[in-house]
2 protein chains.
Amino acid sequence: MLSVRGIRTAALRLIDRDGLENLSMRRLAQELDVQAASLYSHYRTKEDLLADIANEIMAEVDVSGFESGDWRHGLTVWARSYRAALAAHPNLVPVIAAGPGRREAALRRADAVHGGLVAAGWPARHATMIGASTKYLVVGAAINSFARGFDADVQVYRDRYPNLSQAHRLSEHAAEIDNDSFELALSAFLDGLDRTFAALGHEPGAQHAGGD
Amino acid sequence: MLSVRGIRTAALRLIDRDGLENLSMRRLAQELDVQAASLYSHYRTKEDLLADIANEIMAEVDVSGFESGDWRHGLTVWARSYRAALAAHPNLVPVIAAGPGRREAALRRADAVHGGLVAAGWPARHATMIGASTKYLVVGAAINSFARGFDADVQVYRDRYPNLSQAHRLSEHAAEIDNDSFELALSAFLDGLDRTFAALGHEPGAQHAGGD
DNA sequence: CTCAAAACCGAACAGCGTTAGGTAAGCGAG
DNA sequence: CTCGCTTACCTAACGCTGTTCGGTTTTGAG
């Protein structure tokens, strides 16, 4: 018999294998040896189904790094695991990026991040902005990486964009470049935040261990 | 009579007004007092049309800031005008973000950015990563901002996420928060890059004025 | 065993992107 | 002016989509 979980799993498998645009309710039903209409006994709409899957994936994201009271560590752990979760299902990135809407898991995590930053000594307003900024970085990196920006076809680039003469190589090393770019962006961002944190009157590198 | 330009303009107007998912070839044709099939005399597919519109919008992006030889200035001008171009047509952000593919304008600009960074003294590999990172930030910010992450409905949040008790206010001040978050992220990122630049053996704040 | 609830199916609706084939209008060559 | 060609446009249709309706089958509790 069909189950909410079974539908979710099959849908995710299809998305991973054939891409988001090739997931249709009829194809999904076929995969489950069932008629398309039957799916609507378990999910109200296709959108609901996708949101549920997105929720499931976001549950992997790790916000435990803030428990130490070290905001830099917390942000690093959060950002990396966030990115890893998106990277695990590239075809679903557009769905997840398109908006947390009122997804349960996303909200609970946003709350943890915000709370962690405030506990570490950031003003509430900064905490909001830092949470948003980090998300920008992660989501932007995921989209750009998995929407494959550069074409592997050499001919397209040769002689036309002198500074990009190696552009076709980007595809080969795409994963590596993506990762390094993300890490560069993250560490540069955190370094910059360190300065801001110090300017707010905190010892550079200091952390709030407990309450104050 | 129909023209490529007229179609583009009407399509963009519809997207701005009714959203991306409400643009159909039939509706677009209706707007132009024409039958849907006629559009295919001017554009091979809907995807082609969207790519063309995206191209047009990306043409607004300003990479002239690198001409000064000041990479920080160049990146700032680029990132801000990039974001402004996306913000001008929020409903189109997913299309633009989904991949430069082989869009002419995007490539020419990527070339200018890369060239500008190298001319300013960055190693080629760093230039690639910095270009990518900046794009992450801009695109991530645009997606998150315009896919409206937080719901204005107060009830959804009250009492459930203690650190987000003000979350419904986020919607009200969304534009302001978005902008501040982006500026925070950008300046923190650039501050961090300054450090990296110095660590590469450059005087902090120094620039290459000419070639070397 | 009974009976209500839940799950599933077949058929259909309206809409989608796109194509095939036909008509009508514009236009340069003779 | 007319021929013939090109281009723009139209009607009709194909196969697909998400979703709904009404009816049948399956399931599980009392």
Side-chain angles (χ1 to χ4, degrees), chain A residues 1-56 89 91-99 101-103 147, chain B residues 1-56 89 91-99 101-103 147:
Chain A
M1 204 188 72
L2 238 38
S3 75
V4 169
R5 166 148 202 160
I7 295 175
R8 233 190 295 132
T9 306
L12 184 53
R13 194 175 57 236
L14 277 185
I15 291 171
D16 284 344
R17 201 187 58 196
D18 302 333
L20 185 61
E21 70 284 354
N22 288 314
L23 175 79
S24 77
M25 297 304 264
R26 283 174 174 82
R27 267 207 265 268
L28 174 55
Q30 196 170 18
E31 190 83 3
L32 292 161
D33 281 317
V34 121
Q35 295 297 318
S38 307
L39 300 171
Y40 289 84
S41 299
H42 303 269
Y43 279 105
R44 220 172 45 77
T45 63
K46 184 186 184 184
E47 218 176 310
D48 275 19
L49 167 58
L50 288 177
D52 202 23
I53 297 173
N55 228 337
E56 191 183 24
H89 303 281
N91 295 337
L92 207 64
V93 170
V95 174
I96 299 175
R102 44 181 78 195
R103 280 207 304 275
Chain B
M1 209 187 70
L2 239 39
S3 75
V4 169
R5 167 150 201 156
I7 295 174
R8 234 190 294 134
T9 307
L12 184 52
R13 195 174 56 236
L14 277 185
I15 291 171
D16 285 343
R17 201 188 59 196
D18 303 332
L20 185 60
E21 69 284 355
N22 288 313
L23 176 79
S24 78
M25 297 304 265
R26 282 174 174 84
R27 267 208 265 269
L28 174 55
Q30 197 171 18
E31 189 82 3
L32 292 161
D33 281 317
V34 123
Q35 295 297 318
S38 306
L39 300 170
Y40 289 83
S41 298
H42 303 270
Y43 279 104
R44 221 173 43 79
T45 63
K46 183 185 184 183
E47 217 176 311
D48 274 19
L49 168 58
L50 289 176
D52 203 23
I53 297 173
N55 228 336
E56 192 184 23
H89 303 281
N91 295 337
L92 207 64
V93 169
V95 175
I96 298 175
R102 44 181 77 195
R103 280 207 303 276

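So you know, we letter chains A, B, ... as the sequences are listed, proteins then strands, and number each from 1.
Where DNA chain D meets chain B (any atom under 4.0 Å from a heavy atom), the bounding nucleotides read 5' to 3' are dA8(D) to dA13(D).
Contacts of Ala37(B) classified as side-chain contact (heavy atoms from CB on, under 4.5 Å), with partners at least two apart in sequence or in another chain: none.
Listed by first and then second residue, the salt bridge (Lys or Arg N to Asp or Glu O under 4.0 Å) pairs involving residues 39-50 of chain A are Arg44(A)-Asp48(A) (not counting sequence neighbours). Pairs engaging residues 15-36 of chain A under the side chain to side chain donor-acceptor pair (under 3.5 Å) rule: Arg13(A)-Glu31(A), Asp16(A)-His89(A) [sequence neighbours left out].
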Can you give one letter per nucleotide of nucleotides 11-17 of chain C, 5' to 3': B if a protein heavy atom sits under 4.0 Å from the base, S if only from the sugar-phosphate, - if neither? -B---BB
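Counting to the nearest Å, the P atom of dA6(C) and the CZ atom of Arg44(A) are 17 Å from each other. Regarding Gln30(A), its CD atom lies at a distance of 13 Å from the P atom of dC9(C), rounded to whole Å. Protein atom CG of Leu2(A) is 9 Å distant from nucleotide atom P of dA7(C), rounded to whole Å.
No donor-acceptor pair closer than 3.5 Å links the side chain of Ser38(B) to the backbone N or O of Val34(B).
Close to dC8(C), at under 4.0 Å from its OP1 or OP2, lies no side-chain N or O of Gln35(A).
Taking CD1 from Ile15(B) and CG from Leu92(B), the interatomic distance works out to 5.0 Å, rounded to the nearest 0.5 Å. The distance from the CG atom of Leu14(B) to the CG atom of Leu20(B) is 11.0 Å, given to the nearest 0.5 Å. Note: Asn55(B) CG to Ile96(B) CD1 = 9.5 Å, rounded to the nearest 0.5 Å.
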Leu39(B) and Leu32(B): side chain to side chain contact (heavy atoms under 4.5 Å, CB included), yes or no, with the steps? CA-CA 10 Å; Leu39(B) 300 170; Leu32(B) 292 161; 4.1 Å; yes
Is there a side chain to side chain contact (heavy atoms under 4.5 Å, CB included) between Leu23(A) and Leu50(A)? Walk through the geometry before answering. CA-CA 10 Å; Leu23(A) 175 79; Leu50(A) 288 177; 4.1 Å; yes
Could you go through the side chain to side chain contact (heavy atoms under 4.5 Å, CB included) check for Val4(A) and Asp52(A) one step at a time? CA-CA 10 Å; Val4(A) 169; Asp52(A) 202 23; 4.1 Å; yes
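Axis angle between the ends of the helix from dC1(C)-dG30(D) to dG30(C)-dC1(D), five pairs each and rounded to 10 degrees, works out to 0°.
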